[in-house]
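Here's the structure we're looking at; comments come further down.
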Amino acid sequence: MGSMRDPDAAGRPANPCASCTRRCCHHYIVTVNGYDAWVISSGLRLAPEQFLVPVAQKTRTPHGFEIDGSGRTYEIALDKAKARTKEKPCTFWVSLGEGIGRCGIYPLRPGVCQTYPAHIEASGLVLRRDDVLCPTEAFGAEVVGAPQWRQRLRQMQVQYDIYARAVARWNCHVGRTARPEHLSLFGYYNYLMHFYDRVAEAFGAGNEYDETAANECWGRLLARGFSPLAEDRPEMARWAGLVSAVREVAFGFFVEELVD
Amino acid sequence: MVRISRALDLPPRSFVSLCPTEPDAADGVQFERAGLKYQLVLNKRGAVRAAGAPCIFLWKLSDGHAQCGLGALRPLVCRAYPASLADGLLCAAGDACTCRRWSVSDLDPEADKAALHAVLEEAQRYSLAVDAWNAALPPPPAQRSFSEFCQFAFAAEDEYLAGQRGGSGGIDARP
């Protein structure tokens, strides 16, 4: 195999995932945010219910959405494929035999997959998580310390902050709707797709947003307990137009319930 | 094969197989002089039955919907499908799908014609490489292996890419 590798890769460390058989794509329930779902849905022209499943939360988080008035909350996760194995593979897993496989939606894979096995600490330090399936020698500090890991982690933090906003607006709707019998999981998915269509419009509407710098700033604020979507922050002044536009997206839904 | 192998960091053996083909096939690879000719085919998942078997890169959702896992990496013939050219005219392989019939109105004339021309160009380039490989086979009883053919194919692709870069006069910005 060595001779068949790309000569351009000479001197670069091999991708540890290429021959790994630790089965992270089987082991985990891959919970995602609305942006991840929208990227996959719009990129592959799939209905969200074709690849997402709701997962009941044990403890309510800002990403837990309700479907009825029971107070039970759920997260969305990628579905699992049918398999004889105890741990089922991700629905998008392409098995190539002998435990080897590849992601079938690699360019569209969720943020959690893009950033695995790294995490970013409140201090801003990017480290390899210590609870992962990867071999000990894989993804050392010299790998996850590269700028693209930090950028992906910050982007994911920002997307989860926006998602929390989307979820909060939906949960408010669940509590206030005059037609609770119309609430459903499909309704939630439909709302999410419209929500992120409008977020995409906000990003494409000429609002200044230098992604790397803005996500870094946004992420640092989140680490200090502030969300730019909840309050105006001077650190985000350069991107205030975009932040304001994203904030307004949520208020564009279920407007009749906002009167009081 | 080279493109997929490199992009996915996969040895060719894990996703392609050799399938015997006609003696006059332009893409027929030999491993010994006057030996059988083989085509490269993407592997199938599971046993191939009368109804066929899925491509190894196909994923399937729980509702039965299936899609190619290679995305933009998929072979040119898959990208161009169901379009084909007959006497220079674009046409659709109307009855090749089991789920629906295609017609020429389903096609994007510009994009599909471009894809088909790319298929033809790549097929021609591959045929030339295969001719060179077959012509350089050692006299019997010596044989060449599939691994050696892969190395040859990788080197041929490198040579082509180097020519492309040189021909464009552009700067190679790859790391």
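Chain identifiers are assigned alphabetically (A, B, ...) following the order of the sequence lines, protein sequences preceding nucleic acid strands; residue numbering begins at 1 within each chain. This one's a predicted model, so the numbers in the text were calculated from it and none came from an experiment.
Considering only heavy atoms from C-beta on, B:Leu61 stays 4.5 Å or farther from A:Glu49 through its side chain.
No more than 12 heavy atoms of other residues, nucleotides or ligands shown are found within 6.0 angstrom of CD on B:Glu110. The environment of CD in B:Glu159 is sparse: at most 12 heavy-atom neighbours from other residues, nucleotides or ligands sit within 6.0 Å. The number of heavy atoms from other shown groups lying within 6.0 Å of CD (A:Glu137) is above 12. For B:Phe152, the CZ atom sits in a packed shell: over 12 heavy atoms of surrounding residues, nucleotides or ligands are nearer than 6.0 Å. Dense packing is recorded around CG of A:Asp131, with more than 12 heavy atoms of other residues, nucleotides or ligands lying under 6.0 Å away. Around atom CD of B:Glu32, more than 12 heavy atoms belonging to other residues, nucleotides or ligands sit under 6.0 Å away. A 6.0 Å sphere centred on CD1 of A:Ile29 holds no more than 12 heavy atoms belonging to other residues, nucleotides or ligands. Within 6.0 Å of atom NZ in B:Lys113, 12 or fewer heavy atoms from other residues, nucleotides or ligands are found, so the atom counts as exposed in its surroundings.
One finds the CD atom of B:Gln67 at 10.0 Å from the CZ atom of A:Arg45 (value rounded to the nearest 0.5 Å). The distance from atom OG1 of A:Thr91 to atom CG of B:Asp63, rounded to the nearest 0.5 Å, is 8.5 Å. The distance from the CZ atom of A:Arg102 to the CG atom of B:Leu70 is 11.0 Å, given to the nearest 0.5 Å. Between B:Leu8 atom CG and A:Cys17 atom SG the span is 12.5 Å, to the nearest 0.5 Å.
For the set A:Leu46, A:Ile105, A:Asp79, A:Leu108, the entry with the most heavy-atom pairs within less than 4.5 Å of chain B is A:Leu46. Your options are A:Pro107, A:Ser95, A:Ala81, and the one with the most heavy-atom pairs under 4.5 Å with chain B is A:Ser95.
Residues of residues 197-204 of chain A lying under 4.5 angstrom from chain B, judged on non-hydrogen atoms, do not exist.
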